S.K.: 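First, the structure itself, so that you have it in front of you.
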Amino acid sequence: MKVGDALPERVVESVDPEKMKIAAALLRDPNMIHLDPAVTEKLGMGSRVVNQGPLNLGYIHTLLEQYGRVVASRFRFHGTVFAGDRVVAGGRVTAVDGDLVDCEVWLDVTGGARAVSGTVRIRRAR
């Protein structure tokens, strides 16, 4: 890996609302925007449920796992990911220092906006 290298994209063709239900239970997240489309519609957000932030970060972490262990990260949430959205996680190497690699990373909604951006430091597997 060298500075400027693009990480291969990780594509999720359709965010699964059933996985949101499982995540809501595991996270003990009772917010109905993750479970009931009638709630999101009532809030003016359309008729699809909203994906949880930790699941969105998981798409990025899955992209990174092939390179080693993430030892530091910082993320910013910009937009909402809804059930059925196609999302693409990507990244670019910004610095390399021995077995430590810094990357700029993101999650984009196809046909929409950037949902998440951030930076990570990876300790490369030996």
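All of these numbers come straight from a predicted model, not from anything done at the bench.
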S.K.: Hydrophobic clustering (ILVMFWY, side-chain heavy atoms < 4.5 Å, transitive) - are Met20 and Val50 grouped together?
M.R.: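 Not linked; separate clusters.
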S.K.: Please answer: with hydrophobic residues joined when any side-chain heavy atoms are less than 4.5 Å apart, are Ile33 and Val81 in the same cluster?
M.R.: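 Different hydrophobic clusters.
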S.K.: Do the side chain of Thr40 and the main chain of Ser47 share a donor and acceptor less than 3.5 angstrom apart?
M.R.: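 Side chain of Thr40 to backbone of Ser47, a donor-acceptor pair under 3.5 Å: no, none is there.
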S.K.: Quick check: closest heavy atoms across Val3 and Ala95, and the distance to 0.1 Å?
M.R.: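 Result for this residue pair: CG2-CA, 3.8 Å.
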S.K.: Tell me whether Val105 is reachable from Val87 by hopping between hydrophobic residues (I, L, V, M, F, W, Y) whose side-chain heavy atoms are closer than 4.5 Å.
M.R.: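 Result: yes, single cluster for both.
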S.K.: Is it the case that one hydrophobic cluster holds both Phe77 and Val70, taking links as side-chain heavy atoms less than 4.5 Å apart, direct or via other members?
M.R.: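 Yes; tracing contacts between hydrophobic side chains, which count when under 4.5 Å, links both residues.
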S.K.: Mind listing the closest non-hydrogen atom pair of Val96 and Met1 along with its distance?
M.R.: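 Where Val96 meets Met1 most closely, the heavy atoms are CG2-O, 3.7 Å.
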S.K.: How far does CD of Glu104 sit from OG1 of Thr119, to the nearest 0.5 angstrom?
M.R.: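 Glu104 CD to Thr119 OG1: 9.0 Å, rounded to 0.5 Å.
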S.K.: Specify the closest pair of heavy atoms between Cys103 and Thr94, including all atoms of both residues, with the distance to one decimal.
M.R.: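 Heavy-atom minimum between the residues: N-OG1, 3.8 Å.
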S.K.: CD of Glu41 to CG of Asp36: how many Å apart, nearest 0.5 Å?
M.R.: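 These two atoms lie 10.0 Å from each other.
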S.K.: Ignoring hydrogens and angles, tell me if any N or O in the side chain of Arg48 forms a donor-acceptor pair with the backbone of Ala83 under 3.5 Å.
M.R.: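 Side chain of Arg48 to backbone of Ala83, a donor-acceptor pair under 3.5 Å: yes, one is there.
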S.K.: Side-chain contact, heavy-atom cut-off 4.5 Å: Pro54 with Leu27?
M.R.: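 Pro54 vs Leu27: side chains touch.
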S.K.: Same cluster or not: are Val49 and Leu57 linked, directly or through other Ile, Leu, Val, Met, Phe, Trp or Tyr residues, by side-chain heavy atoms under 4.5 angstrom apart?
M.R.: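 Linked within one cluster.
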S.K.: Please round to the nearest 0.5 Å and tell me the distance separating atom NZ of Lys21 and atom CG of Leu26.
M.R.: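 Those atoms lie 14.5 Å apart.
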S.K.: Between Ile60 and Trp106, is there a side-chain heavy-atom distance shorter than 4.5 Å?
M.R.: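 No, their side chains stay 4.5 Å or more apart.
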S.K.: Closest heavy-atom contact between Val11 and Glu13?
M.R.: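 So the two residues come closest at CG1-OE2, 3.4 Å.
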S.K.: Can you check whether Arg86 reaches Ser14 side chain to side chain, under 4.5 Å on heavy atoms?
M.R.: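 The answer is no; the side chains never approach within 4.5 Å.
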S.K.: If you compare all heavy atoms of Tyr59 against all heavy atoms of Ala89, which two are closest, and at what distance to 0.1 Å?
M.R.: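 Of all heavy-atom pairs spanning Tyr59 and Ala89, the closest is O-CB, 3.8 Å.
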S.K.: Looking only at the side chains, is there a donor atom on one of His34 and Asn51 sitting less than 3.5 Å from an acceptor on the other?
M.R.: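 Judged by distance alone, the side chains do not pair up.
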S.K.: Heavy atoms, side chains only, cut-off 4.5 Å: are Thr110 and Val88 in contact?
M.R.: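 Side-chain contact under 4.5 Å: yes.
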S.K.: Looking only at non-hydrogen atoms, find the nearest pair between Val39 and Met32 and report the distance.
M.R.: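 For Val39 and Met32, the tightest heavy-atom pair comes out as CG2-CB, 3.7 Å.
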S.K.: Under the salt bridge (charged side-chain N to carboxylate O under 4.0 Å, His left out) test against Asp102, which residue among Arg124, Arg121, Arg92 passes?
M.R.: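 Passing option: Arg121.
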S.K.: Roughly how far, to the nearest 0.5 Å, is CG of Asp5 from CG of Leu7?
M.R.: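 Rounded to the nearest 0.5 Å, the CG-CG separation comes to 8.0 Å.
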S.K.: Using 0.5 Å steps for rounding, measure from the CG atom of Leu107 to the CG atom of Asp85.
M.R.: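 So the CG of Leu107 and the CG of Asp85 are separated by 9.5 Å.
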S.K.: Starting at CD of Gln66, measure out to CG of Leu63 and round the result to the nearest 0.5 Å.
M.R.: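 With rounding to 0.5 Å, CD (Gln66) is 6.5 Å from CG (Leu63).
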